[in-house]
2 protein chains.
Amino acid sequence: MGGDFGPVVTVPASLQALSLYPKLRLLLVGNPDAILPILAASKSIGLLDRLTVIPAKSVISGDVRPAQAIRVSKDTSMRVALELIKSGRAHACVSAGNTGALMGLSKLVLKSVHGIERPALTTLLPHQKQGKTVILDLGANISCDGAMLVQFAIMGSVLSQQILGVSNPRVALLNIGSEETKGLDNIRHASRILHTISSIHYVGYVEANDLLMGKTDVLVCDGFIGNITLKTMEGVIRVILSTLQSSGKKNKLNWFMQIINFWIRKYLFKQFNQFNPDWYNGAHLVGLRSTVIKSHGAANQHAFIAAITQAMHAVEREVPEKISHQLSAVLSKNNH
Amino acid sequence: MGGDFGPVVTVPASLQALSLYPKLRLLLVGNPDAILPILAASKSIGLLDRLTVIPAKSVISGDVRPAQAIRVSKDTSMRVALELIKSGRAHACVSAGNTGALMGLSKLVLKSVHGIERPALTTLLPHQKQGKTVILDLGANISCDGAMLVQFAIMGSVLSQQILGVSNPRVALLNIGSEETKGLDNIRHASRILHTISSIHYVGYVEANDLLMGKTDVLVCDGFIGNITLKTMEGVIRVILSTLQSSGKKNKLNWFMQIINFWIRKYLFKQFNQFNPDWYNGAHLVGLRSTVIKSHGAANQHAFIAAITQAMHAVEREVPEKISHQLSAVLSKNNH
């Protein structure tokens, strides 16, 4: 029900995901009056036996404060969806709704992994060297102290190993300079601690202009900074991609040149499209005992399918279990 | 002397700026042993009568804490340069050096405009609708309270009017959501105050993905966020531009296709290049009684010329005087 568009995007995306993944089963939680007409209008009858509509009376709106949303969350689609995981009916939850509420409710209903104060939102950002950077937090915790940043670093390091197969992943803190004296107190504090953790390959500060350069495997920041950074990147990429698609039309070219123009643009579009935010939509809420994926509120159908795909992969690869296991190893070592 | 490259970049840039602008005169402050050989090696003898080398014994390094740098700033190139403005020998100062030290020393030597607690770094960011957005702070003040953000909003509004000729400029706060409840306390506090200032056309929160969309004429944030945002954007644009320049070489094309490929890439490069950070290098330190321009530390020759050009224009258009004048009008109105 959540996000900027609600069922108009999420229901068709769900149907398309079902047709892409034969083993996938989906529970659509929300207002049947909004969901059923879209299902009825679609011609995907063969897919409906792997889809169940779970009614929920209300929806947590995007602009309500998380604390307030959680207090009156009974019977909301988000709460019902998370309870489905708790009762064992679902393996994962995907939502495009209120980030703060999703974070708070997930922690309340599903509990966080032992040793983790606050779960974090993370995504896998493609970089120029053909790999991916785990970046966290992206908005679950808008202000963080040094200890929280250290926990994010540990979780990011485990994610990089477990999901991307990077051995001994490099971990960096996002900062406004590379010198130790630069930045905010919480960042400098986290840096001092990370230098002392032998199981983390801490490489120091990385500046935002190196975001796509592949200088680190894990990039740690507070949720406010992470959200701003990711959205800045997305905004710039979208401007570039739309310029690439539209600007050719203005040129008066003969048919031959038009074909070549189209061909080169298509080639460039494909090259830049690796950074298209739609491809990596879906942020893992890491640090929980189950898989919860937050989709961008403005996600289109294509992007929402990417979020469903991420949830599926996380369940198949047992990501929460592996994180929990590795974390307790790292944390117990550092408590000695 | 400052920045990542020092005189190797700044001296040739200075000579090129002199040849571009016949009315420009430059005082190069620093170590003559580093500056004179580069001057001697250049073949710009005709320009040297508009250039004076002012010796300074030492340099403030990039990684020293501002407070410490200021205490021992006597005879440093930065201090000497700022004193040249104070004594009336120079109209403006351009530096690629330590941002915090430049901010602190500028305030100490040149004083801030009446009513301004802390000057801010600002630049004019090109946007998709052919205009420019004044964005501040970019790193002079890494943490700010609500009142400081309001002062930045007022300064930004004046800058947009005075430099860009925008009447009744729209002013927004950078935040992670558009709803009033979103974001950090200082941002929400500034928002409440801005709603009450009638002379500011406050339009609310703008998210980072709309940075290049032209949704606002002035975008206000604290210096840490501003620095991260600008550098993220720069990093992405540089990746795109370098891909555009290099990727064509990998294709095996015949000579005819190569020419067309080159032609289309050149066209696209020109389109995207409007967002190339080199073009708008040079951040104004606004809120001071004189013009001080901070160049990016990593600026190349081309970018450093852009910073010199900005200083020249600010002096010609009497920007500090106009800001001071408008500010006192706005501030006195709001004290009633």
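Residue numbers begin at 1 in each chain, while the letters A, B, ... track the order of the sequences. Side chains are part of it too, since the values below use all heavy atoms of this structure and drop only hydrogens, waters and symmetry mates.
- Closest of all the heavy-atom pairs between B:Phe224 and A:Leu174 is CZ-O, 4.4 Å.
- A distance of 11.0 Å separates CD in A:Glu234 from CG in B:Asp210, rounded to the nearest 0.5 Å.
- The CD atom of B:Gln128 lies 12.5 Å from the CZ atom of A:Arg238; values are rounded to the nearest 0.5 Å.
- Interface residue B:Asp63: backbone and side-chain heavy atoms are both found under 4.5 Å from chain A.
- Judged as a side-chain hydrogen bond (donor to acceptor under 3.5 Å, both in side chains), and not counting sequence neighbours, A:Lys132 has no contacts.
- Looking at B:Ile187, the atoms closer than 4.5 Å to chain A (heavy atoms on both sides) all sit in the side chain, from C-beta outward.
- Only the side chain of A:Leu211 comes within contact range of chain B, with heavy atoms under 4.5 Å apart.
- To the nearest 0.5 Å, the span separating OG1 on A:Thr232 from CG on B:Leu230 amounts to 9.5 Å.
- For B:Ile228, the parts lying near chain A are the backbone and the side chain together; criterion is any non-hydrogen pair under 4.5 Å.
- Counting heavy atoms from C-beta outward, A:Met213 and B:Val239 have side chains that approach closer than 4.5 Å.
- Proximity to chain A among residues 175-183 of chain B is limited to B:Asn175, B:Ile176, B:Glu179, B:Thr181, B:Lys182, B:Gly183, judged by heavy-atom separations below 4.5 angstrom.
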